Every structure is written in C-alpha cells, then in structure tokens.
Amino acid sequence: MQLRLEKRSQPSQLLRVVTPIAAVLLTMVLGAIVFTLLGYDGVGAVREIFISPLVNSYKWQDLAVKAAPLIIIAVGLAISYRANVWNIGAEGQYIIGAVVGTGVGLATNSMTGWWIMPLMMLAGAAGGAAYAAVPAFLRVRFRVNEILTTLMLTYVSVYVLNYLVFGPWKSPTSMGQPQTVMFSADQSLPYIIPGTIVQLNAPIAIVVALVAWLVFSRFVFGFQIRVVGAAPHAARYGGFSADRTVWLALLISGGLAGFAGVLEAMGPFGRLVPQFPTNYGFTAIIVAFLGRLHPIGVILAGLIVALSFVGGEMAQISIKLPFAAVGIFQAMMLFLLLASDLLVRYRLRVVRPGEVPA
Amino acid sequence: MTDMPARLALRGITKRFPGVLANDNVSFEVKPGEIHALLGENGAGKSTLVKMIYGIMQPDAGEIFWNGERVTVANPKAARKLGVGMVFQHFSLFEAMTVLENIALGMDSKIPARELESKIRDVMDQYGLKLDPQRIVADLSVGERQRIEIVRALLLNPSLLIMDEPTSVLTPQEVDQLFVVLRQLAKEGCSILYISHKLHEIKALCETATILRGGRLVDTCDPRVETSRSMAEKMIGGNLKTIQKPAGRAFGAEKLVVKRLSMAGSGHFGIPLRDISLSVRAGEIFGIAGVAGNGQNALLLALSGEEPVSDAAAITIDGQPVGDLNAKRRRLKGLASVPEERNGHAAVPDFTLSDNAVLTARDRLGLAVRGLIRPGAAKKYAGDVISTFAVKATGSEAAAGSLSGGNLQKYIMGREILQKPTVLVVSQPTWGVDAGAAAAIHQAIVDLAATGSAVVVISQDLDELLGLCDTLAVINEGRLSKSMKVSEADIDEIGLLMGGIHGETEAAHAA
C-alpha cells in the first residue's frame, strides 16, 4: 500500500475554506498535547486561550482592541502578497507611521480643531508608505529582494523610535521616563461604545477590509494585483506593468501599516513609548495567510489571532503559562495552515500495488 | 523469418493519470528491422506509451515482451541494457560542454575519453553522421544536437530505437538526412519505433503504423497504401475539415509595417532581433517560418508590445507609430496578439474564463469602465466566445486551467478575434492542439483575414504555414528573410533559409 499525491484539475474551493478552520482546530489538539508533555495543564491552556475569552463577555472588548491593528495591517499585506511582493517589514512601517503621526501630534498638541485627528492619520499612513517606498525603489531600480530590505528596515525603525522618545521628543514632565507628552483630547481616538475600551479604530478596521474587498473584486487595480501575482507573463501580455505593481503593493501595504501604527498611538497608547512595538506587524503576516489573503478572511483571522493574545494573557494568570506560549500557538497555526494548503491543490489517494486505480 | 518472435510486443498496456486514461489496453508488436510508426494526436497517449517501454514509467496493467520473453523494464538503465535506445523530443545536453563530454556523461559505464572518441567516430562514419566531437554544443544547430542524441543511442548497439517526434525541430534537408540513417539502421536489423503526427513522413518512411486515439489503439495499417487523409481521419476519429479559403483574394492597404526593428536578446540565451522588416496588408496572412529558438519569442514580444522598443516608428499600425507603446496601448490601436504559451502567458490558469476575458478585452470592449470592472459584460463576452468558437467548457466561470489545450486555445483565439483587431499576431496557433481544434483555429484565422484584418502567424510547422498563409518569410538567428508568395515558394529554398548558415555549411560538407 502506498500514498500518492495527485494534482487536482481545479483547486478545491471547499478546502480553501475548510483548511484554515482545520488548522485552528488541529493547533488546539497539538497544543494541548505539547503543553501536557511540557508539564503544564495542556487542555486547560487550550481552554483558557481559545475558549475563555469567548465565553466571558467582558473580554470581547479586548478582542476588538487587539484585532483592529492586526486586521488593518493584514489587509495591506494580503494585497501585497497577492501580487507576489513579500513585504515582511510591516512592523517597521507600523512604527514609522506612529512616529510620523506623533510628530504631527506634537506640533499640534496645544491646538484644537476637528482637523487634527485626520491630519495625524494621514501623516501616519504617509509615513508608513514612505518607509515602504525605500524597498520599492531598491527592488524596481536595482532588483534588490524586498524580503531582506523590508525586514532590515524594521530594526532601523526601532532605533528611530528609541532615539526620539529618549531624546528630542521626551516629555518635559515625564520625570525622566522615556515617553512623549500625552495626546490631547482632539488627538485621541474617541470611545465608540460607552463603558468599554473599544475605540474608533475597530470600525475603521472593518471599513478598511470592506473597501479592500471591493477593490479586489470589482476594480481593474485589484485585478492587476491578482494577475501580476498569479502569472507575471500574462500580466505583461495584458498590459500591466510589473514595476508599477511592486510600487503600488508596497506603498499600500506600508501605508496601511503606518495607518494602523498611528491609530494605535492615538488610541490604546495615548503617547509614544519605547514599548510601542508589540510585533503586530509580524503577527499580521499570520493573520494575512490565515485569512487566505482575502480581506473578509482577514477579519475572521484577525479575531482568532486576537483571541490567542487575550486568552494567552488570561492563561498567564490562571495557569501560569508563559506568554511565549502564545507565540508557539500562533506559529503552529501558520505552519499547519501552510502544510494543509497542499490539500487544496492535491488530493491524497491510497494506492495498492498491482491495482489499476479506477 | 516468420517464426522469429517480435522484437517488442505489448499486451494490454494500461496507464491511468488523474482524470484521464492515458493508455487503455494497448497491444501491438514491432518486428525486427521494422520501421514502425506510432501515430496519434497530441494527448493520444503516444509519449506515455514509449515512456513505459523505456522504463520511465510503469504500466498499471499489461505486459511487455522483449524477443518473446516477458520483461519488466524497471528504469531507463534496464531498458538500455535490453537494447532499447531512445532519442527524446527535448534534448538533454549541456550547452557549455563539447559533444564528446556530453556523450561521455550519458554513458552507463565509464569509457576512457580516447576510446570513446574513436567509437563515436566509427559510429558516425558507419552512418554518415557528420559531427565534430570536440565542438561546443552551444554552437551547434538543432539538427546537429539531435545527431549527438542519435550517436549516444547508437553507441549502445540498440536493437530498438525510439524516436519521439524527431523532425519537429529539423529543416526539410535535415529530415531527409535523418531518414537515410534510419533506413540504414533498419536494414541492419534494428527496429525503429517512430513517433509522429506528420503523415507524409510516415508514408515515406514506415512500413507499419499503429494509430492511437484517446489512449486506445484504433488501427494498425500499412501507411504506404493508406492516404494521408485516411490516416488523419483515423487519428482524429472523424472527417477532416479542409480550410475554406475564398479564391482570388485581393489585399488592401498596408496595415502592419515593421521597419528595421532590432531588439537586444533578453536572458542568457535570448536571441536578439536584427533589422527585421515586413509589411502585411489588409486581408493578408503572413507566415513566419523557422526552426525553434531563432528569435520567434522575441519577435512576438516585440510585436505584441510586451517588450516595447525605443524607436516608435519601427512598428506602425495603419501608419501610426506604435513601437514604444505597451501591449495595452497597442490593443487600443487595434493590434491583438496570442503568444505560444497558453498557461500563464495568454491566459491565467487559476482565473475564470470571464476574468481571462478582462485580461485583454477590458479596454476595447468596455469590460472595464473608469477602473471599475463590469462582471456582467465580462461574463457575456466570455459566453459569446465560448458559443461562437464551440469551446468545450462548463461556462464562463470555469477556470481556464480546467480546459483541455485545444479548447483553451480556441477560447484565447476567439477572445482576440471577436475584438475585431486590425492586426492579429499569433505564435504557434495550433501547438499541442488536437486536429479538430486546429482546423477550427485555421478557419477562424482565414475568416478574420477575409474581413480585412492583417494576420501574422509565427509557426515552426512549415506545413501549417504553407496551407494557411499567402506570404511567407523565414526567421533565422534573429534575422528575417525577404518575403515570398506561398504560391511561388520553393520548399528547398525555404529549408535552406531555415537552416541559415548551418544549412549552407552542411550542404558544402555533403558536396
């Protein structure tokens, strides 16, 4: 008896939807086994991380807070990855977005007016896009691999952030703490559900995903992204420029990451601090793939990954699980998803020797 | 002689791939010293069958007999040990190495270089194969490269030689030379299994023909008494349509004019285009013949606009310069194109047929307006193409990759033709396409020309061009010959042009 992989004539649409769900379920099972072997309460860990935040309604707001930046970044990454442009430095663009937005915030800190908030958001998006323009230029002009450049620029961005909050931007009233001044009321995201910590960035994330979906399915621009990614020769034949697509993919994914960064600064953080980088930019890579590089899938995937963050914090307290366990769960999820992707294009068949397959 | 067992006998060979039965209970025999044709359309299962004889694949059912004994051919090495030699359609040669080094690499046992060279020279003398063992492969013509593969196979003293579509890359003169060698081999007792779909060659060379269709054996006949037409009809299982070409066609004004077009070659082995000039008038079908790899790809990219050139005036459509425009802009000026490769170039296999319509028809037919795609219009257009060109597909939402080669090619041709282009440039329009679809595609090209469009057909299949075109030119090493009327063309002259410099030196050798 032997197992044989056979190519499907068409990728299975059913499995395209089923495999992410299966990957999440399998992550739970394997996670329970791994952490039991490590001497923890494995089943309890899985319950705390994946179930508890769902059954405790007061945790839902935490989900929204964590999911919003993940979704905004991951939508941008989905667009970029669809075009076969591998921006893995969203973390850096996220940080620079927050930095540039904060720069506008510091300049307007004493002013009032409705225009301040949109201006900061715009500055954040522009900052992220500008930061992604560097790899775009290097790729188009000198054929430098964007995987390396986007990743390396992430480390540069952390030093830029630290220099500013430890140096020129340090608040005079912070008693030596490295942090900027608090944003004013006109610079802070409003709470949209009274009595909760859910801010304006949550609905913005949903709108971003919906707009991206519309662009993908109905606009020539989304079509261009899909063709360039799926068949570069066909794209050129169809009259689309590959270089232009690289530029657009990086500017959009960088812009959205920067946008998420400034929203995070104006929302949950309220100011810029050295602890601002929380790896959302990297985690969003998992979200983008778990969501099948589809904007609507990204919303669901963002919620699931946010769940693992919120649940991880709970498990830290209740069963003393180290927070690194969350990273293990997220990594397992991505690994299992990519592995199960094989089944979308291939089917597994059992073949016995001598048998003529029917 | 009659008591001798067959050199090779197949009994009930069956091989299944996902979704297709490549060979279904195929049985036939090859006698000693016989030149036996294996005939069938693309996808009929010829290649799969010989791969099993040569040990590259194993049959799911059935038996192989060698000189009367049942054998299992575990791998190509075992096949060579039995005495089976094979010359593949695609050569496996290292361009940067010499002929001798390439042959040495392919030997199962290690032979000292000097000994091998004298053996090679013996074999070449014996069969009149002209080749210098010390030459670098990159400098050789395709015909010469094929000779390396033949010498490599002959060094093992095969008693069965399998030739897979050997003439598809040769000039007419090279084909004649090959046939001399094959006849001599057969006279010496070596059986030859000759795979092809070119009927006049089989009639000229073979004593027996086994015809496959859809994986099944449909007939075994004597090609010398059959007509090309009768064999073709057995091959496609139906009546062969001949192209309906209205007589006394007149051409109109010049539609496409190319003047001294030059382009650097892309990639390492890319062929640069040098001073290409041609002019195609309304209603004219202009053929470009040539052996593969002589700049056809570069020429298509230059004409389609996928590789624009800096000199705008090098290419004009209706007198307007378009040389510096990309494919999208040229389409708006009326130039449509169909590249050779269907999957991933002319169409995106993962996309639906209606999305593939958007790929090239979005501007000319308004399938997208101000950046917004109109899915309804795209679906309708895809449906029109499917019905007009009798494309077998589940509908406009079928993935392009799920169509057979012939059906996808019909869809792609239809997608361009229904846009009513002023100029259509197509490369290898019937490559890997079954005869039925090929006839439909040829008819569509003729019909388009009849409406006043200018058509350029780039093909390696000289028969196709002679049947289809009004005017013909030959491309060799990136240069285009002068154009000639097909009705007055001399096949020997075309062959010499196809061989280019190589052909001339060979003629000198032979003299």
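The basis for the numbers below is simple: all heavy atoms, side chains too, and nothing from hydrogens, waters or symmetry mates. Proteins come first, then strands; the chains are lettered A, B, ... in the order of their sequence lines, and each starts at number 1. Note that this is a predicted model, so its numbers are computed, not measured.
- Only the side chain of B:R331 comes within contact range of chain A, judged by heavy atoms closer than 4.5 Å.
- Here B:S337 is the residue among B:P59, B:A361, B:S337 with the most heavy-atom pairs under 4.5 Å with chain A.
- In this structure, a donor-acceptor pair under 3.5 Å is absent between the side chains of A:N87 and A:S80.
- Judged purely by distance below 3.5 Å, without hydrogens or angles, the side chains of B:E416 and B:T360 pair a donor atom with an acceptor atom.
- Taking the salt bridge (charged side-chain N to carboxylate O under 4.0 Å, His left out) definition, one finds that A:D243 meets it with A:R143, sequence neighbours left out.
- If you tally non-hydrogen atom pairs under 4.5 Å between each of B:D350, B:N343, B:N326, B:N356 and chain A, the highest count goes to B:D350.
- Of the possible donor and acceptor atoms, one in the side chain of A:R82 sits under 3.5 Å from a partner among the backbone N and O of A:L293.
- The aromatic rings of A:F289 and A:W86 sit parallel, their planes meeting at an angle under 30°, below the 60° perpendicular limit.
- By number of non-hydrogen pairs under 4.5 angstrom with chain A, the leading residue of B:G344, B:A346, B:A347, B:A327 is B:G344.
- Residues from residues 362-380 of chain B that place a non-hydrogen atom less than 4.5 Å from a non-hydrogen atom of chain A comprise B:R362, B:A368, B:G371, B:L372, B:I373, B:P375, given in numerical order.
- When A:H233, A:R218, A:R226 are compared by the number of non-hydrogen pairs under 4.5 Å with chain B, A:R218 comes out ahead.
- More than 12 heavy atoms of other residues, nucleotides or ligands lie within 6.0 Å of CZ in A:F219, so this atom counts as buried by the packing criterion.
- Using a 4.5 Å cut-off between heavy atoms, B:S304 does not touch chain A at all.
- When every heavy atom of A:A288 is checked against every heavy atom of A:V298, the shortest pair comes out as CA-CG2, 4.2 Å.
- Remark: the backbone N or O of A:A136 is not paired with any side-chain donor or acceptor of A:E146 at under 3.5 angstrom.
- Within the 4.5 Å cutoff, side-chain heavy atoms of A:W247 are placed close to those of A:F137.
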